[in-house]
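Just so it is clear: chains get the letters A, B, ... in the order the sequence lines come, proteins before strands, and each one is counted from 1. Remember, it's a predicted structure, so these values are computed and weren't measured experimentally. Hydrogens, waters and symmetry mates are skipped; everything else that's a heavy atom, side chains included, is used.
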Amino acid sequence: MSNIYMPDLMEVVEVKQHTADVKSVKIKFKDPEKQAKFSFRVGQFGMYSLFGEGESTFNICSSSNWKDHIEFCFRKTGKVTDALWRVDEGDTIGFRGPYGNSYPMEAWEGKNLVFIGGGIAMPPIRCAIWYALENRAKYGDITIVYGARTPRDLVFTDELEKWAEYDRVRVIQCVDPGGETPEWKGEVGLIPNVLAAANVPAGNTAALVIGPPIMIKFTLPVLDRMGVLAPDIYTSLENRMKCGVGKCGRCNCGPVYVCKEGPIFTMEQLNALPADF
Amino acid sequence: MSETITQQALRALVDEWIGAGTKVAGPSYVKKDLCQYVPLTSSAELLLEGFIHPRNSVKDFFFPRHEKIYEYTLKGHEVELADMTPASTPQVIVAARPCDTAAVAILDAVFNWGEKDEFYTQRREAATIVALACVTHDSHCFCTSVGIGPDAEKGADVMLLPLDGGFEVRCLTEKGKTLFAGRTQPSDKTAVIPEGPKVKVSPEQVRAALEDYDNPLWKTATLRCLSCGACSFTCPTCHCFDIVDEGNAHGGCRAKNWDSCQLCMFTKHASGHNPRNVQGQRQRQRTQHKFRIYPDKFGEVLCTGCGNCARNCPVSLGILGTLVELCAEMPKTVGESK
Amino acid sequence: MIEEIRQTCRTLLEAGTVNVVIAYGQSNPDGPVHPIFVTKPDDVEKIVWNKQCFANLTTYLTRKEVKSLGKAAILVKGCDARSLVVLVQESQVERSDVHVIGLACEGVGEPELAGKCRVCEVHMPVGVDVTIGSTEAAAPEGQNRYALVDEFMKKSPEERMAFWKQEFERCVRCYACRGVCPLCYCNQCIVDKNRPVVIDTSATLKGNFAWNITRAFHLAGRCVSCGECTRVCPAGIDLRMLNASLAQSAEKHFNYRAGMDPETPPVIGTYNAEDKENFIR
Amino acid sequence: MSETEKTAFEPKIVAYVCNWCTYLGADLAGTNRLEYPSNVRIVRLPCTGRIDFNLIIKAFEMGADMVVVSGCHPGDCHYTAGNYHARRRWTLFRDLLETMGIDLNRIHFAWISAAEGKKFAEFITEITDKARQLGPYQAYREICE
Amino acid sequence: MARIGVFICWCGENIARTVDVKRATEEVEQIPGVRFAIDYKYMCSDPGQTMVRDKIIAERLQGLVIASCSPHMHMKTFRAAAKAAGLNPYLVEMANIREHCSWVHQNREEATAKAVELIRLAVGKVIQDKPLDAIKVPLTKRALVIGAGVAGIQASLDIAEAGHEVVLVEREPSIGGKMAGLSETFPTLDCSQCILTPRMVETGQHPNIKLYTWSEIESVDGSVGNFTVTIRKKARYIDMSKCTGCGECWNKCPMSKTLNDFDYGLSKRKAIYLAFPQAVPARPVIDKNACTKLKTGKCGICAKVCAAGAINYEDQDEIVTEQVGAIVVATGYKLYSIGQEQDNEKYTGYGEYGYGKYPDVIDALQFERLSSASGPTGGEIRRPSDGAVPKSVVFIACVGSRDPAKGVSYCSKICCMYTAKHTMLYKHKVHEGTAHVFYMDIRAGGKNYDEFVRRAIEKDGAKYYRGRVSKITEENGKLIVRAADTLAGVPVTIEADMVVLASAMLPSTGATELAQKLKVGYDEYGFLSESHPKLRPVETNSAGVFICGACHGPKDIPEAVAQASAAAGKVQVMFARNELTRDPEIAKINEQNCAACYACVRTCPYNAIEKAEIRDRQGNLVKMTARVNPGLCMGCGTCVAVCPSKSADIDGFSESQIYEMIKNL
C-alpha cells in the first residue's frame, strides 16, 4: 500500500553555484539499496521536497548512466527555492519521481542532434547531451547552441568546454547583444540569428529547443529553413506542478496533463495545445 | 416484484449501523435552512425527504478538504518521515442523491490512472453508498442533461425509491446486498419516479461548442464571477487539490487541501507569470475540464448536473447558464435540439 | 419604480455618459436575482428591482474585468452606498468615475426582511448622483443596532468559543466571503502569501480560526454590514456577528461608523492622543 | 522551582516588546539583577506599532499559553506615534477576541519604559504566576490538533 | 538548512555563572541550519572577534548568531567583525542570554534551557535575514544647538570653529544661561562673568553662528542628516537691526514693578529691559505682560525716547524653519522650587523651611545674585528683608536632593562645592560674620575640590555640622534654625540672620516636551537619557541628536563644558563625510502587490511614504502604489502592521524573520 506522495530521503552531496541566482545540487538516496535500484530516463523530472517549505518540480539534469547520484538545477525565485538556496552538503531533502515522459533517445539514434538552450534552460538539455556523448557512436553530428543575456548568466560553463572536445560536436555559446563583456570570446547575438549563421547541415536532424517562449517562437522558422520540421523539434514545458502524478489538475493545459503526458512535447503536439501555459 | 422497507425500519437499520461502529453520513439540517451531508450520530438526524440537494457533496467523505499525507520531524540535519495510513474504517453514505453517487464513480478514473491514490481508493472500498431517488428538483438541477437522472444507479450500491411512505430497495452490488440482507419485505408495487428536470443541453453539443478555444463568449458570459471557490468546493466532481507543508521548526505535516481553478493563485508561477490571469480564462478552464478534457481522457463527463455550483455561487452563476449560452450559438446539427 | 430605473439607465447608455450599467437581473424567470452588466440600451429591460436584490454591486468597481468595460453606472441601496464611501476613502474608486444611482429601499429578503434591513438607517441612500423612488421606512427609534451582538455576548467565553469552533468546523475556505466583499480588493490576499505563511491555507480548525479572525479584523472600522458575506457563505457561518462586534467596538471606543461620512478619517491608520483604554498596565 | 521533580506545568509566554523602551527596560532589569521566572521569551520589534494582531494569533498557534505585548508609554515613542496606533488596534482587537471567546486573561498589554526595569521584572513575575494558575491554554491547543 | 555559526560568550562569568555554556554549545549544534557552535570567555574582546572572523572564512558561514549580551551593547561590534570577514553585516543576530537570561534567572537548569531557546529563536531569525547595504543619504552640514548656557555656547563655538554653520536657539532674551548669573566659580573662585562673557561675545560675533534669542523650538521633522526645525521667534517689539543698545528706553520706562527673574525675584526691572549688563545680544526686550502700551495702548515713552526708532509695538511672533543635519540639546537645569506648592505633583516642596514665607530664607542662586557685582546689592551680602548685613548665616545642604520623600532621590553633585564657596564669599565680605553649614556628607570629588572645602572650614572658619535641619521659625527678627549635630549627638539651635538653601538641580521646565519633539528618551525626573551611560554618554537613541550639560543630569561647569566639546566632536565626526550612511533596516513596499489603499501613508509618522504611479513604457498608467522614501523612513514598521495584504515589509524585522522566530518557540 504505497503512498504515492511520500518522498525518499536524500542526502545533499554537493552544491555548486553557477550564477547570482542559479545553483545545481547533487543528491543521493540515504538508503544505498534504493540508490542502486533507482533508474530514470533523461528528460524526466522529479519533485524535490524541502520539509517545512514544500515541493518543487525540477528536471533531473544528470545523465541516466550515472548511478551514484542525481542532480538538479534551480533558480532562486519562490518559497521552496529560497530555502533550497540555503541547503548545504549533508542536509536532508526529499525526492520523488521520476515523473513525466523522456527524450526519445532511441528514436534519435542515427540522427544529427541540435540542442538549443536559452538562459536557465541548459539543465534539461545537459542530461540529453551527456547521454548522447556517452553513446557517441549512436548519434550523428551534435550541435549545441547555448545563449544567455550576459556571460555571468551562463550555467555549466565548465562542461560546455568539455563537450567541445568530443569529436563531431560543435558548441556555440552566445550572449545577447549588449550583454557581452571585454573577455567574452563566444558569439554575440540572439540565439535564432546565431543558429541561422551557424548553417548547421540539414537533413536527418532532430532538435531539442528549451527556453523562454519568445526564443522558441523565433527559433522555429530557422529550424524550418534547416529542414527540421515540427514533429522532429522537441521542447520541455515549464508548467506549474503540484502532485506530479496527474491528480491535482494544476498542470492541466488543454487536453493534456503536462506532468503525465509531458513535459517533453514535439512542436507538432505543442501547436495543437491552446496557449494556456 | 420489488423489495421495500418502511421508513422506521430504515431508521432502525441506520441506528444499528451506527451502533456497530460504522461511520454513517447522510443529509441533515445542520442549521436552520442549511442541509448538508454530515456524519450522523443517530438516525433521527437523517433527512429522507423534503430536501432537494444538500449544500455540500458526498466527495467530502472520499476526498476530504484537508488530509495529512505524511508527517516529518526535523532533527539537526536529519529528517524522519511518518507515513499516514489512509482511513479505511467502513462507512455508509445514506440517502445520497443520484447526482452525488454518480460523481463518486466518475472520480474513480482520475484517482486511479497511472499511480493509484490510496487515500481515495481505500476510503472508496470501505464505503457503501445508499442512494435516494429524487422526487422533486429546482431550477438549478440539470442531471438529465448530462446523462444522469433522478433515479440513476451509477455509483450506487443500493437505490432507495420513495414508495408510499416507505422505500423500494434495489440492491445493485454485493456490498448493497450484504448491507440490506434480510431487512426488506417483498412487495408487488414498484416505485414510479416522476420525470427529472427538462433536458437543457447535451454533452455532445457542449463538447462541440468547446472546440473553439478562443470563443469571445468567455469575455462576457461570466463577468459577474467573483473568483471564489464556492462552486468547486461544493461540486461533487471537482477534485483539484493543493499540497502544502504546515508545521513549526521542529516538524509538521504535508497535507492535501482542496484547491479551485477559479482562485487566481491556482496557476500563478513563482516568477509572477500567470497563464490564467483573467477570470474568463479560469471559467473557460473549468468548463473545458468538465466537458472536454475529462470526457476525452476518461470517457466520462466530469459533471452530474446537481446544480450545487449555482446554488452556492454568490452571484448564482454556476455552470448551467454558461453551457446554455455556449450551445445557444451552436447550429442545431449536433445532438437532439434543446 | 422599475420603469423609472430602466428609463434612467437607457438615457445614460444612449447618451454615452456611461459604457456599462451594473444592475440586478434574472437569467431565468423562476431563478434567483443576480448582478448583470448592461452595455446596450435595449438590454435595460433585463433590469429588475425586487426584494431579492441582495447583492452589493460596488464590489465590481474594483475588478479589472469590469473596469475594462469603461465608465460605469451602478445601482446602489443604502448599505451599498456606504461601502462606496469607504472605497472612495481608500482611493480604490474615483468618485467622479462612477455614476451612482441610489434606490430607495424598504429592505430586501422575502418573506421576512434580512437582519441588516430590520436595523437599517439608510433606507434612502446618501452621497448618490440620482435617487429613484422614496420611502418612509426608517429604523425604529432608539433601537440597538448591535442587539444581536449584545445577546451573543451574554454567553460565557467557553460557550462562545464552543459556538465558533462548531461554526468554523464547517468552513471549507472557499473565500466566497472575500469574493463578495467590496472592501476585500487586495491584489494578493494575505492568506495567499507563502513567504511567510501567516494563515494556514488548510481548512483545519486552526487555519479557519486564523482566517476568520484576520478577515474580520481587516474590516474593523470599515465594514458597513451589507450582510453579503453571511448570505453567500456555503457553510452558513454567522460572519456578520464578528463584523458587527467590531463595528460596535469602533463606535463605542472611537465614536466611528464606517462609510457614514467621507470626511472623518478611517479608524485604523489614524490615532488620537486622548484615546481612552483601561486594559494597558 | 524547588528541587521536586518538575511535574508542575510551566507556561510558555511570548513577549513582543519594542526595541527602544521595554527591551531596554528588560536590559535594565538584567543590569540590576532583578530575578523573574524564566518562562518568558522576548521577541524584539522596532516599535509596538509594528506588532500586528496576526503575531498574537500565531503565538497561540505555536503553543504559547500567554502573550504579552509591551512598549513605550504614550508620548515617549521613539517614532512619535507607534504606540498610539497600537493602542487603538489593541482596543478593537480585544473586543474581537472577546467575541470569539478567546481568554483575554492570556493576553496582556503594558507600557514599560527603558527606566522601568523594576516594573518589567514585577510585571513578568505577576503574569507568570497568573499563567501558572490558568494552566495550559487547552482551548487553543484543541483548535490546533 | 544553512551554514549558520553560533558563538556563545561566557562574558567572563556573567553568563557562565548561571548558564552551563558547554552544554548549551552541544545542544545548539542540533538546531537545523547550525553548521557549528563554539563558546569563548570574552567573545567581544579582540581575540574573540578574531576567532569569529577566522571561523566565518574557514567555515564559509552564511549567518552568525552571537549569544552574549544585549544587541544595544555589541551589535555594532559583531556586525563590524562580520563585515571585516566579508560577510554582509546584516546577516548577524544576537541572542541576549545575559541581561535577559543569566542575570535574571538563578536556577542553572532553567537558565541553560532558556539560553538554548533564545539561541534557537535567533537562529530562526538569521536564516531569514537578507544581506543589506547601508543607505546613503545626503547630509546637511549645519547643526542646531538648543539652549545657550555655557554648554550650548561651548558646543556652538567648537562646531563653528570646525567650519560648520550653527543655529543657536535660546529661550531667554540673552545667551549665558545660569552661569551668567553666578558670582565666582569653584574651585578657583574665577569671576563667572569674566570667563563666560568673552565666550558670549565670541558666540555673538562668530560668522558661522546664527543666533536666535527669545525663541523656542516649535517642532522637529525629518531624520538624522536632514532635520527640518521650526523655530518660533517670540515678539521682541525691538527692531534688532536699528537698536544700538543705548539704554535710553529702559532708563525712561515708568513701569518698574515686575520682578526680575534674572535676579530670581530679588530685584525689580522695567517693562522694557536688558537681562543683565553683559547680555549678548545687548538689545532689550519688552515684556508684554508688564508694558502698559501693549496692554492698554497708553504710554509709549520708550518709542518717543528711542533715537534709532527701533521700538515696534506691532511686532508679532515669527515662525522660521532651518534645515540642519544634527542637533545638540543643552537646555541646562533649574533649581528645585523649595516653596510649598509645586508645579509637578511628583515633588512635595519644603513648607518646614519657610521659603516664600520668611524673606530671608533664600536659595543658592539668589545668594549668587547677592554676591554678584551685577546683582541687586552690587555684590554686598545684605538680607532681602531689611537690607542689613547678616552677622550669622546658615547654609543648608541637600535641600530636596537625596530625599525620595520629597521626590528627588539623587545627589545634585555640586551643592557641597558651591555651599563651601558661599561660606568663603560671605566670610570675605563680612569678616565678622559666621557661616554655619548643615550637611549630610561632603561630596567634593573633583580636582582641588576637597582642598577647597578644607580651606572654607579651616581658613575661613565655616562651622560645619553633620545633621539635618528640622524646622526654621522666625522669632523677633531672627530665624531660629533647629537641627541636630549627629557627630556630637546633640541638638543645635542657631539664631541666624539669613538662611541659604542649597536646593536640588532639576531639568529646566519644558525639557520633557522638547524631548518628545526630538523623540529622545528621558528618565522619571525629566533628565534626557543618554544612549549608553559609559560608552555613549553624549549620544541619544535618536540618531543625530546629542545632549550635553545639566539637561543630561546634575553636573558642574567643567564637566558641562567637557560634555559640550564631546557633543560637538560627535557632530564633527558626522559632518566629516559628505553623505550619511543610514541603517538599512527600513521599510519597503512590494509595488506590484500594493492595492494603493494608502493606510500606510496615513500611518507613517515621518511622512516617508508617498503615493506613486507605475506607468508602462508607453507612459500609460498601469497602477497606483505606495512608495517608501529611504531617506526619511526610520524603520518603525507601523506601516507593515496596518498593511492588510502585507505588501509593506521592513528589513531587519521582516515578516518572514519574525514568523520564523515564532515557529522556533
Check: Is the Lys NZ or Arg CZ of R94(D) less than 6.0 Å from the centre of F279(C)'s six-membered ring, within 45° of the axis?
Finding: yes

Next item on the list: Cation-pi check, R88(D) to F254(C): give yes when NZ or CZ is under 6.0 Å from the six-membered ring centre and within 45° of the ring axis, no otherwise.
Entry: yes

Using non-hydrogen atoms and a 4.5 Å limit, figure out which bit of [X] sits close to chain C: side chain, backbone, both or neither.
X       : value
F53(D)  : side chain
L92(D)  : both
L104(D) : neither
F60(D)  : neither
E116(D) : neither

Note to self: Looking at chain D, which one of F163(C), F168(C), Y271(C) has the largest number of heavy-atom pairs inside 4.5 Å, strictly under?
What the structure shows: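 Top option by heavy-atom pairs under 4.5 Å: Y271(C).
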
Approximate separation, where rounding is to 0.5 Å, of [X] [atom1] and [Y] [atom2]:
X       : Y       : atom1 : atom2 : value
D275(C) : W90(D)  : CG    : CH2   : 12.5 Å
W211(C) : I57(D)  : CH2   : CD1   : 14.0 Å
H108(D) : I280(C) : NE2   : CD1   : 13.0 Å

Notebook entry, point to check: With a 4.0 Å cut-off, would you call R281(C) and E122(D) a salt bridge?
Noted result: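 So R281(C) does not pair with E122(D) through a salt bridge.
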
Check: Is K206(C) salt-bridged to E145(D), cutoff N-O under 4.0 Å?
Finding: no

Check: Is there a donor-acceptor pair under 3.5 Å between the side chain of R87(D) and the backbone N or O of E277(C)?
Finding: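 No; zero donor-acceptor contacts below 3.5 Å.
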
Item checked: Pairs of heavy atoms under 4.5 Å with chain C: top-ranked of D95(D), I143(D), N83(D) ->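 Between D95(D), I143(D), N83(D), the count favours I143(D).
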
Next item on the list: May I have the step-by-step check of side-chain hydrogen bond (donor to acceptor under 3.5 Å, both in side chains) for N54(D) and T214(C), ending in yes or no?
Entry: CA-CA 7 Å; N54(D) 286 107; T214(C) 303; 3.0 Å; yes

Check: Going through the distances and angles, do M161(C) and M100(D) end up as a side chain to side chain contact (heavy atoms under 4.5 Å, CB included)?
Finding: CA-CA 6 Å; M161(C) 171 73 93; M100(D) 303 283 283; over 6 Å; no

